[in-house]
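So the structure is just underneath, and the comments pick up after that.
Lettering of chains follows the sequences in order, A, B, ..., and the numbering in each one begins at 1. Note: hydrogens, waters and symmetry copies are ignored here, and every other heavy atom, side chains too, is used.
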There are 2 protein chains.
Amino acid sequence: MTGVAALPGTATLAEIGEQAVIATLTAGLPPAADVLVGPGDDGAVLEVAGPLVTSLDVLVENVHFKLGWSDPADIGRKAVAVNVADLEAMGARATAVVLGFSAPPHLQLRFVRELTAGLHAECAAAGVSLVGGDVTRSRDLTLSVTVLGGLEGRPPVLRSGARPGDVVALRGRTGWAAAGLAVLSRGFRSPRAVVEAQRVPQVPYGEGAAAAQAGATAMVDVSDGLLADLGHVASASGVVVDLRRDAFEVPEPLQAVSAATGADPYDLLLTGGEDHALAATFAAGAVPEGWRVVGEVRAVGPDAGAGVLVDGRTWPAAAGFDHFGAAR
Amino acid sequence: MTGVAALPGTATLAEIGEQAVIATLTAGLPPAADVLVGPGDDGAVLEVAGPLVTSLDVLVENVHFKLGWSDPADIGRKAVAVNVADLEAMGARATAVVLGFSAPPHLQLRFVRELTAGLHAECAAAGVSLVGGDVTRSRDLTLSVTVLGGLEGRPPVLRSGARPGDVVALRGRTGWAAAGLAVLSRGFRSPRAVVEAQRVPQVPYGEGAAAAQAGATAMVDVSDGLLADLGHVASASGVVVDLRRDAFEVPEPLQAVSAATGADPYDLLLTGGEDHALAATFAAGAVPEGWRVVGEVRAVGPDAGAGVLVDGRTWPAAAGFDHFGAAR
């Protein structure tokens, strides 16, 4: 598509048409040695070595982001980040993403340009190539991202591999995005750090592969909240995960939000989702640098079935996020 | 998830929750040797040989289907079919799909069950495994499907490979889905064959790989209309594609729809989209059995630039479908 750069930013998608939207989303993509066929044909062709790991996430306007809270660039970045985090949690190295872009016809080109800038920036940060996708009309802006990657010769790190005696460790932040949501929901824009965390998660890129290399026995990314996501590990592994409350420090912005909202800061840390930290289990002594040990894995027993405890007890507010609003 | 089969079909997604929706969508999936890790972890792991081919399609309620026109099973089938067609058009063999399922909370479980039946049936017909995905809330039912496959040692068949002297051949139907749309739009339900074609395309599974094996020089699937999609081949290859009107037969249901609506049946055949036939170019004499030769490839010249002609002339109504409604 020639000339798309010359179109005015105020032009709507209805005015410029589908091909110009595709041209905007794919303009200036850097070449990558493993991308044999990029955007523009019926499919993309990638060089992959060994087993392929894939995951898909859909981000829907007013469900995963709000246009009033996030800049277009934030939305583009978040769509890539949350998806690559899933591959990190498999111990894989992400190499490519495929994008479904659905938007209302009245959206302006400048919005797509800014979203594209964020999308491309996060792809660069994560080391992945945008290789293709689909563009379609919709009522609500919706981004569907599929990520592809490889295991570099290692076995995948599943949720089911945690063993009694392992330690539980965390890489990345929890509670920040939830604190940001609490702030934004009340109409505030600060503390700025948690608002930014809600807009774009800081995924610890490369740390999933490093954890796999170090021998992680099980791993998840924290999308629904630490207790909820470790609950998946506990039930898939048939173990008790027991966290130590005093292993967590309450960072200053979370203290501020807790003080302002009356929330327990540990509720934020333990049940807040959307930060996409990595939580993994390791044999004691095998925890890689930069990970914080926050608990241990125990066998189920007469006192406790498979599940997550904090200091040996059930955490009172341990509910994850349900997309359809069902009680858990 | 135990017990999801026992839930009443009238229960809403809000009542049963996200995990029950996932359990419904993935219940009873057949095992597949190349699926090393299926649904239920952070990502799926697949065995792939050689370069990977991937494509993504998003189907949005009231854009790609209407709930009043299609059964839930049709929608599930269509989502897989249109996507696998893209891999066929690359000459690839599809092996797996990843699903993004976005639906309103008031949707009933029985709808998901019926959609799942169609989804699984079409996966079986196409020879692909459903390996994972994402479930989320949305206002409009939206299915995002990413297909993955391999090339079985062949190079991909691109849009850019058509050469002067090649012939153009077609495998599958055109005009049927458009005729069905014309009928449904007027409030009718017959001829039944075209209505069914609008609901679920009949993708010629395996014929893309067969065409590649036979030496197809370029290929597309016909999603936007034969003239529009061959237009992509013509411009990517820098050639003139000249179709012969009398190479097409007007099937009986298309005659009936044309007679009832006053449309030119050749408009349906040449510009109707959504049947996902395969259109390819071959060296003369290399056309595989079952394909219909409908035209030839010529060099651009002083009389004609890269593009598609019918009997040497521009077809008057040669506009494809634009998702944002832009004029072409």
Side-chain angles (χ1 to χ4, degrees), chain A residues 12-18 20-21 36-37 40-48 51-58 60 63-64 86-87 89-90 92 98-100 102 105 131-140 142 144 146 148 151 156 158-159 219-221 236 322-328, chain B residues 13-18 20-21 36-37 40-48 51-58 60 63-64 86-87 89-90 92 98-100 102 105 131-140 142 144 146-148 151 156 158-159 219-221 236 322-328:
Chain A
T12 66
L13 304 196
E15 287 162 356
I16 65 172
E18 185 180 335
V21 175
L36 307 179
V37 177
D41 216 298
D42 290 284
V45 184
L46 307 175
E47 204 64 80
V48 290
L52 172 85
V53 188
T54 184
S55 184
L56 177 151
D57 278 303
V58 183
V60 183
V63 178
H64 301 86
D86 284 317
L87 250 63
M90 298 296 288
V98 191
L99 171 72
S102 305
V131 296
D134 190 22
V135 164
T136 174
R137 177 161 53 90
S138 63
R139 281 202 294 170
D140 298 314
T142 303
S144 161
T146 302
L148 306 165
L151 289 163
L158 306 182
R159 296 175 174 187
M219 186 153 50
V220 282
D221 77 308
D322 189 286
H323 259 291
F324 297 108
R328 282 190 177 172
Chain B
L13 303 196
E15 286 162 355
I16 65 171
E18 184 179 337
V21 176
L36 307 179
V37 178
D41 216 299
D42 290 283
V45 184
L46 306 174
E47 203 65 78
V48 290
L52 171 86
V53 188
T54 185
S55 184
L56 177 151
D57 278 302
V58 183
V60 182
V63 178
H64 300 86
D86 283 318
L87 249 63
M90 297 298 285
V98 192
L99 170 72
S102 305
V131 297
D134 190 22
V135 164
T136 172
R137 178 161 52 91
S138 63
R139 280 203 294 170
D140 298 314
T142 304
S144 162
T146 301
V147 61
L148 306 165
L151 289 163
L158 305 182
R159 297 176 173 186
M219 187 153 49
V220 281
D221 77 308
D322 189 285
H323 258 290
F324 297 109
R328 281 190 177 173

Locate the shortest heavy-atom distance separating [X] from [Y]; write the atom from each residue and the value.
| X | Y | result |
| --- | --- | --- |
| A/Gly43 | B/Ser55 | CA-CB, 4.1 Å |
| A/Arg137 | B/Val63 | O-CG2, 3.7 Å |
| A/Leu56 | B/Gly100 | CD2-CA, 3.4 Å |
| A/Pro51 | B/Glu47 | CG-OE2, 3.9 Å |

Part of [X] lying under 4.5 Å from any heavy atom of chain A:
| X | result |
| --- | --- |
| B/Val21 | side chain |
| B/Val98 | both |
| B/Val37 | side chain |

Sort [X] into side chain, backbone, both or neither according to what part of it lies under 4.5 angstrom from a heavy atom of chain B.
| X | value |
| --- | --- |
| A/Val60 | side chain |
| A/Leu99 | backbone |
| A/Ser144 | both |

Between the side chain of A/Asp134 and the main-chain N/O of B/Val58, is any donor-acceptor distance below 3.5 Å?
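Yes; judged by distance alone, with no hydrogens or angles, the pair exists.
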Which of [options] touches chain A most, by non-hydrogen pairs under 4.5 Å:
| options | answer |
| --- | --- |
| B/Leu36, B/Leu158, B/Leu148 | B/Leu158 |
| B/Gly132, B/Ala89, B/Gly40, B/Ala44 | B/Ala44 |
| B/Asp221, B/Val147, B/Thr142, B/Leu151 | B/Asp221 |

Gap between atom OG of A/Ser138 and atom NE2 of B/His64 - 0.5 Å precision
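Separation between the atoms: 10.0 Å.
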Output the distance between atom CG (B/Asp86) and atom CG (A/Asp41), rounded to the nearest 0.5 Å.
9.5 Å
Are [X] and [Y] side-chain neighbours, meaning at least one heavy-atom pair lies under 4.5 Å?
| X | Y | result |
| --- | --- | --- |
| A/Leu52 | B/Leu52 | yes |
| A/Thr146 | B/Thr54 | no |
| B/Asp42 | A/Val220 | yes |

Options A/Asp140, A/Val48, A/Leu87, ranked by heavy-atom pairs under 4.5 Å with chain B, top entry
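Of the candidates given, the most pairs with chain B belong to A/Asp140.
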